[in-house]
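To keep things clear, I will list the structure first and then write my remarks on it.
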Amino acid sequence: MSIQQVTWDLSELFSGMNDPKISQAITEATAMAANFEKKYRGKIPDLTPEGLLGCLQDLESFNQKFSNVGLYAGLVFAANMTLPEAQTLNDKISKLEAQISKQLAFYRIELGALLKNKPQFISNPVLANYRHMLERVYRRIEHQLSEIEEQLIIEKDQFGVNSWEELQSKWLNTRTFEVTVMGEKKSLNYGEANGLLQHSDRATRESANRSIYGLLGKDGEIFSAALRSICNDWVTVSKRRKYQTPLEASLINNDTEQTIINNLLASIEEGTKTYRHYLKIKAKLMNLPVLGNHDIVAPLPGTSELKFTYDQAQDLIIRAYSRFDPDYAEAVKEMFTKRHIDATPRFGKRNGAFCANYYNGKSAYILQSFNGTLSDVFTLAHELGHATHDWYMGHNQTPLNVSVPSIVAETASIFGELLLTDLLLVEAKTNAERKAVLCLVLDEAGMTAFQVTARVWFEQALYNSVEQDEFLDYKTICSHWTKARDCIFGDAIEWFPEMEAEWTMKPHYYMANYRFYNYPYVYAQMFVYSLYERYLEEGKAFVPKLKKALSAGSSLSPLEIGQTVSLNPQAPDFWNGGLKVFEDFIKDLEKIM
């Protein structure tokens, strides 16, 4: 299939942006919200367990009714942010979501009050399906504000931090970049230019890096204004909610503990010498005295033939998942047959890749800009792991039990990458191909575990600056970024001056009320590497364990899910297991050098 033809089919949701069913869905959802408010406002603290069960089930019914229109608006906007009709629909639904969130703000406040007075409800057999959801609500009780305050926060965010997030995304996807590709000057959209960062030609990679980050840097004060506002806003909100640190809300949202994350970050810091060792090995493989920043995730010389059509990527991923277990590949096959993937690069399309859960369809939708590189194949395998997770959750959990924290959400996606790795290494015809695969795996894992840790340190530095009344202008933010970055890479990398602006294009820093987005990826990478080692030890006996873990959704805590696959992230030395798998991949590479 030509990549020009790979766009998603959203007709399961609505036939188009003018479909009258959209207005009907909005009307029905609005009415359901009003009915829910009328039925439960002021009454939740006095509910019996049976009454609370009915309340939660009514909320799930509302969420199911409203989810399709919210999903559709977000998808058409992400597919082309420049379309006026997509902008209008997305804005309309965003305002409606804010309106309904304000209207139903009483629900969490009253539920918190009920659980504070009657914590025994959490373990009541009548509410067994919602036990862990209620545990998570209980953990947030002391940080809840009054209904008026919660409504005011929603209102201020709608045209405040939410708008900064939209600005950053729109900037990236409405710019063109002048890049010299194999000696030819081209004007490219962001998706196309970003796809060249792993080009086989080093001069092309250099041009793409300098063009993207040079242009970002020219507007650095715009991005610093956005990030400065977001950080100051979050510090203010955190104090208002009585969080001890700006990180605490993230720990609660991710259903984890400070000690576990401290152990994780300390383990990664200790492991930087292993990562730098790999980077120096890669420099030798590329015949360079030291890697430039444009070489970190570049293919090895002589591997330019590793280009893939979309059909080839589809075949590889289906076979990789099927080798693990034939049934495990069903969700992946459905994603292709139902055309739930948008892979064509184009102007106006949101940067990056994502998988959006489609609970009502027991499926998902994936957006990616596929340029035919090996990395693109791995990205697709990763996102299809998310779709597989959504498939198992959707078939086994009610709507309130599919809100998995980020540290759990990456489980199937990273595992999918490792399944693809296994297949590619088995089918590699030469050591050159094996080197290419191993380097890509080490590149991606290195960036996820190590470079992303630098992002955590960077974000911590930003909040420390705010607390110390330091003004976060462009150069100050860049200084925080390069310091955190260099703690990871040390002398193993030489950087273009333009790369001081690298932080500007990371959407995670701009997400409204979603601070410290990054450490969950480090957690997931190291957790899944240990999970993968368990799979290698147990073979087919491991398959039902993984399915059970994915099927649990958010009905179990991350620690309980770990128990399902015999792993314990609370153990002080747990994270060393993930680092060992990373080291084993390095050893496999050294054997064939």
Side-chain angles (χ1 to χ4, degrees), residues 244-248 250-251 254 256-283 290-291 293 296-297 406-407 410 414 441-465 467-468 477-495 499-500 502-503 506 508-509 515-533 558 562 567-587:
Q244 296 300 308
T245 68
L247 176 62
E248 187 177 3
S250 175
L251 296 172
N254 277 291
T256 190
E257 303 163 8
Q258 183 75 62
T259 302
I260 292 175
I261 303 307
N262 288 345
N263 290 340
L264 168 65
L265 297 180
S267 181
I268 293 296
E269 186 172 11
E270 177 64 24
T272 53
K273 58 181 180 293
T274 300
Y275 183 44
R276 293 177 192 177
H277 173 62
Y278 163 66
L279 293 172
K280 291 175 181 179
I281 290 173
K282 186 171 182 180
V290 63
L291 294 179
N293 62 266
I296 297 174
V297 293
S406 296
I407 59 174
E410 297 300 319
I414 296 173
V441 170
L442 288 163
D443 289 344
E444 296 294 333
M447 292 295 280
T448 301
F450 293 97
Q451 200 249 30
V452 171
T453 295
R455 299 184 202 174
V456 182
W457 294 336
F458 167 62
E459 200 164 0
Q460 288 174 328
L462 294 178
Y463 292 111
N464 288 339
S465 284
E467 295 280 12
Q468 296 166 13
I477 296 176
C478 287
S479 176
H480 284 314
W481 168 243
T482 55
K483 182 179 179 180
R485 177 196 73 189
D486 293 344
C487 285
I488 292 294
F489 292 98
D491 63 353
I493 301 294
E494 292 181 343
W495 300 89
M499 297 306 295
E500 70 174 11
E502 189 175 7
W503 60 271
K506 304 298 183 187
H508 311 143
Y509 304 131
R515 311 280 44 87
F516 291 97
Y517 179 101
N518 290 286
Y519 74 79
Y521 283 84
V522 185
Y523 183 116
Q525 184 76 46
M526 291 296 98
F527 179 84
V528 176
Y529 265 29
S530 293
L531 190 77
Y532 174 70
E533 187 173 40
L567 297 175
N568 179 21
Q570 281 185 314
D573 62 346
F574 171 77
W575 304 108
N576 295 335
L579 285 171
K580 178 183 177 299
V581 175
F582 187 80
E583 291 169 356
D584 288 343
F585 278 129
I586 295 175
K587 291 175 183 177

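Every value quoted in this text rests on a predicted model; they were computed, and no experiment measured them.
- Shown here for Val290 and Ile493, the closest heavy-atom pair between the two residues is CG2-N, 4.2 Å.
- Considering all non-hydrogen atoms of both residues, Tyr275 and Gly446 come closest at CE1-CA, 3.5 Å.
- Between the CH2 atom in Trp575 and the OH atom in Tyr523 there is a gap of 4.5 Å [rounded to 0.5 Å].
- Note that CD1 of Ile261 and CD1 of Ile407 are 6.5 Å apart. Values are rounded to the nearest 0.5 Å.
- A salt bridge (charged side-chain N to carboxylate O under 4.0 Å, His left out) check over residues 444-454, counting only residues at least two apart or in different chains, returns nothing.
- Residues Lys280 and Asp491 are in side-chain contact: their nearest non-hydrogen atoms beyond the backbone lie under 4.5 Å apart.
- When all heavy atoms of Cys478 and Glu500 are compared, the closest pair comes out as SG-O, 3.3 Å.
- Closest heavy-atom contact between Ile488 and Gln451: CG2-N, 4.3 Å.
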- Decide yes or no on side-chain contact (heavy atoms from CB on, under 4.5 Å) for His277 and Ile281, but give the supporting numbers first. CA-CA 6 Å; His277 173 62; Ile281 290 173; 3.4 Å; yes

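- Taken to the nearest 0.5 Å, the CG atom of Asn568 stands 8.0 Å off from the CD1 atom of Ile260.
- The main-chain N or O of Leu264 is never found under 3.5 Å from a side-chain atom of Tyr519 such that the two would form a donor-acceptor pair.
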When you look at Ile414 and Tyr521, which way does the side-chain contact (heavy atoms from CB on, under 4.5 Å) test go after all the steps?
CA-CA 10 Å; Ile414 296 173; Tyr521 283 84; 5.9 Å; no

* Test Phe450 against Tyr278 for ring pair (Phe, Tyr, Trp, His ring centres under 6.0 Å), laying out the working first. => CA-CA 12 Å; Phe450 293 97; Tyr278 163 66; 10.0 Å; no

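- Going from atom OG of Ser267 over to atom CZ of Phe574 covers 10.0 Å, rounded to the nearest 0.5 Å.
- With Lys282 contributing its side chain and Ile296 its backbone, the two residues share a donor-acceptor pair below 3.5 Å.
- Thr482 OG1 to Ile477 CD1: the interatomic distance, rounded to the nearest 0.5 Å, is 12.0 Å.
- For the atom pair Thr274 OG1 and Glu583 CD, the distance stands at 4.5 Å (nearest 0.5 Å).
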**OP:** Please test Leu579 against Met526 for side-chain contact (heavy atoms from CB on, under 4.5 Å), starting from the C-alpha separation and ending with a verdict.
**Re:** CA-CA 7 Å; Leu579 285 171; Met526 291 296 98; 4.1 Å; yes

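- For the pair Arg455 (side chain) and Ala484 (backbone), a donor-acceptor distance under 3.5 Å is absent.
- Within the 4.5 Å cutoff, the side chain of Arg485 has heavy atoms near those of the Trp495 side chain.
- The heavy-atom pair separating Arg276 from Cys487 by the smallest distance is NH2-O, 2.8 Å.
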For residues 456-464, run the donor-acceptor check on the side chains, cut-off 3.5 Å, and write out each pair with its distance to 0.1 Å, sequence neighbours left out.
residue : atom : partner : partner atom : Å
Glu459  : OE1  : Phe516  : N            : 3.3
Glu459  : OE2  : Phe516  : N            : 3.0
Tyr463  : OH   : Arg515  : NE           : 2.8
Asn464  : ND2  : Gln460  : O            : 3.3

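- Using a distance-only test at 3.5 Å, with no hydrogens or angles considered, a donor-acceptor pair links the side chain of Asn254 to the main chain of Ser406.
- Across all non-hydrogen atoms, the minimal contact from Ser530 to Gly577 is OG-C, 3.7 Å.
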